[in-house]
**Q** 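Provided herewith is a single structure, encoded as structure tokens, for subsequent inquiry.
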There are 2 protein chains.
Amino acid sequence: MGATKTDHFTETQNELSMLAKALGHPARIAIIEHLLKVNACICGDIVNELPLSQPTVSQHLKELKSAGLIKGSIEGNSICYCINESGFEKIKSFSEQVSAHLEKKNSCC
Amino acid sequence: MGATKTDHFTETQNELSMLAKALGHPARIAIIEHLLKVNACICGDIVNELPLSQPTVSQHLKELKSAGLIKGSIEGNSICYCINESGFEKIKSFSEQVSAHLEKKNSCC
DNA sequence: TTTTTATATTGCAATATTACGATAAACATT
DNA sequence: AATGTTTATCGTAATATTGCAATATAAAAA
């Protein structure tokens, strides 16, 4: 075992969990926060900002990108990363949906 | 390696990533969705609802609980689980914060 | 063209997660 | 007390993640 049984769940469940999983590491939260703060976003800046090696940061960026949470575009020699809104929209809408449900029904425990 | 360097990141970054990580599995998304739908929430029902064994479901419930996303209270023989609002509030506020930032600054790539 | 700069990939070791059978624990029912 | 029901824990195998040194790639600068 050790492999998630993704085929037993719905598309939406798998998609949401993949987005959440991509945010499930403090370095990747830090990257998102940094991208929000500066709004200009050369990869090397992120490497300098984080207490991790360049290959490790590159890997985290790759995960955020493949999850659809950031975008990257080539800018001469370097690469410009920034937030991909659509991924965050899905997370936002899920969390708002949870809140909306909770307002109507009160929790039972 | 393999161990996350949590001590190199802020409290908030670690907390947010732990919440996200707890949602980073389709079974745990499915559990949350089920709890929202029924609002009554005996553990055994969740086990029946999911395509996973009882020990595996129990483990997922434990993770959601320790992350602060659900609460559980003993109800006679069985255990009643339900959503823990405070955990979801943090996720909601983060995703709304991201959206708010994005409205002001337009993405650069 | 050679060298430098910036980022990605490979390979690998350490650790974490996922899943479940077996079993324990705790309470309810008989 | 004995039995059944419900949930948790243990042990363990399979797989995934994290992190980095070494190396590759690609564009810029010299």
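These values consider heavy atoms only, across backbone and side chains, with no hydrogens, waters or symmetry-generated copies. Just so we're on the same page: letters track the sequence lines, and every chain starts at 1.
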**Q** Taking the side chain from A/Ser58 and the backbone from A/Gln54, do they hold a donor-acceptor pair closer than 3.5 Å?
**A** no

**Q** Taking OP1 and OP2 of C/dC20, is either one under 4.0 Å from a side-chain nitrogen or oxygen of A/Lys5?
**A**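 It does, given that an N or O in the side chain of A/Lys5 lies less than 4.0 Å from OP1 or OP2 of C/dC20.
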
**Q** For the pair B/Leu35 and B/Ile46, evaluate side-chain contact (heavy atoms from CB on, under 4.5 Å) and give the outcome as yes or no after the intermediate values.
**A** CA-CA 8 Å; B/Leu35 291 183; B/Ile46 302 170; 4.0 Å; yes

**Q** Expressed in angstrom and rounded to an integer, what is the separation of B/Asp7 atom CG from C/dT15 atom C1'?
**A**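 Rounded to the whole Å, the gap is 15 Å.
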
**Q** Atom CE of A/Met18 to atom P of D/dA16: distance rounded to whole Å?
**A**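 Distance, rounded to whole Å: 13 Å.
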
**Q** Specify the separation, in whole Å, of atom CG of A/Asn14 and atom C1' of C/dT18.
**A** 14 Å

**Q** Could you work out which one of C/dT15, D/dA8, D/dC20 sits closest to the side chain of B/Ala3?
**A** C/dT15

**Q** How many whole angstroms separate atom NZ of B/Lys21 from atom C1' of C/dT15?
**A** 10 Å

**Q** Calculate the interatomic distance between B/Leu50 atom CG and C/dT18 atom P; express it in whole Å.
**A** 14 Å

**Q** Just compare D/dT18, C/dC27, D/dT7 and give me whichever is closest to any side-chain atom of A/His25.
**A** D/dT18

**Q** Could you tell me whether the phosphate oxygens of C/dT18, OP1 or OP2, come under 4.0 Å of any side-chain nitrogen or oxygen in B/Thr56?
**A** no

**Q** Starting at atom CD1 of B/Ile79, determine the distance to atom P of C/dA26, rounded to an integer number of angstrom.
**A**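 Nearest whole value for this atom pair: 12 Å.
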
**Q** Would you kindly give the CD-to-C1' distance between A/Glu75 and C/dA8, to the nearest whole Å?
**A** 18 Å

**Q** If you go through the side-chain atoms of A/Gln54, does one of them form a donor-acceptor pair with the base of C/dA6 closer than 3.5 Å?
**A** no

**Q** Specify the residues of residues 57-65 of chain A, ordered by number, for which at least one heavy atom lies under 4.0 angstrom from an atom of DNA chain C.
**A** A/Ser58, A/Lys62

**Q** Would you please classify the geometry between the A/His60 ring and the A/His25 ring as parallel, tilted or perpendicular, with 30° and 60° separating the classes?
**A**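 The arrangement is tilted - the two ring planes meet at 30° to 60°.
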
**Q** Which comes earlier along DNA chain D counting from the 5' end, the contact point of A/Gly76 or that of A/Leu52, where each point is its nearest nucleotide?
**A** A/Leu52

**Q** What residue pairs, at least two apart or across chains, pass salt bridge (charged side-chain N to carboxylate O under 4.0 Å, His left out) with a residue in residues 8-28 of chain B?
**A**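 For residues 8-28 of chain B, and leaving out neighbouring residues, the salt bridge (charged side-chain N to carboxylate O under 4.0 Å, His left out) pairs sorted by first residue read B/Glu15-B/Lys90, B/Arg28-B/Glu63.
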
**Q** Rounded to the nearest Å, what distance is computed from the CD1 atom of residue B/Ile42 to the C1' atom of nucleotide D/dT5?
**A** 13 Å

**Q** Using modelled atom types and a 3.5 Å cut-off, is there a donor and acceptor pairing between side-chain atoms of B/Thr56 and backbone atoms of B/Leu52?
**A** no

**Q** Quick check: on DNA chain C, is the nucleotide nearest A/Val47 upstream (toward 5') of the one nearest B/Thr4, or the reverse? Name the residue that is more 5'.
**A**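 Looking at the nearest nucleotide for each, A/Val47 comes out on the 5' side.
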
**Q** Do B/Ile42 and B/Asp45 have side chains that get closer than 4.5 Å, going by heavy atoms?
**A**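 Counting from C-beta outward, B/Ile42 and B/Asp45 do come under 4.5 Å.
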
**Q** Restricting to side-chain hydrogen bond (donor to acceptor under 3.5 Å, both in side chains), what partner residues turn up for B/Asn84, sequence neighbours left out?
**A**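 Partners of B/Asn84 by the side-chain hydrogen bond (donor to acceptor under 3.5 Å, both in side chains) criterion, ordered by chain and then number, come out as B/Ser86.
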
**Q** May I ask you to say what B/Ile74 touches in the nucleic acid, namely base, sugar-phosphate or nothing, with a heavy-atom cut-off under 4.0 Å?
**A**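 If one applies the 4.0 Å heavy-atom cut-off, B/Ile74 turns out to touch nothing in the nucleic acid.
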
**Q** Within less than 4.0 Å of OP1 or OP2 of D/dT6, is there a side-chain N or O belonging to B/Ser78?
**A**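 No.
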
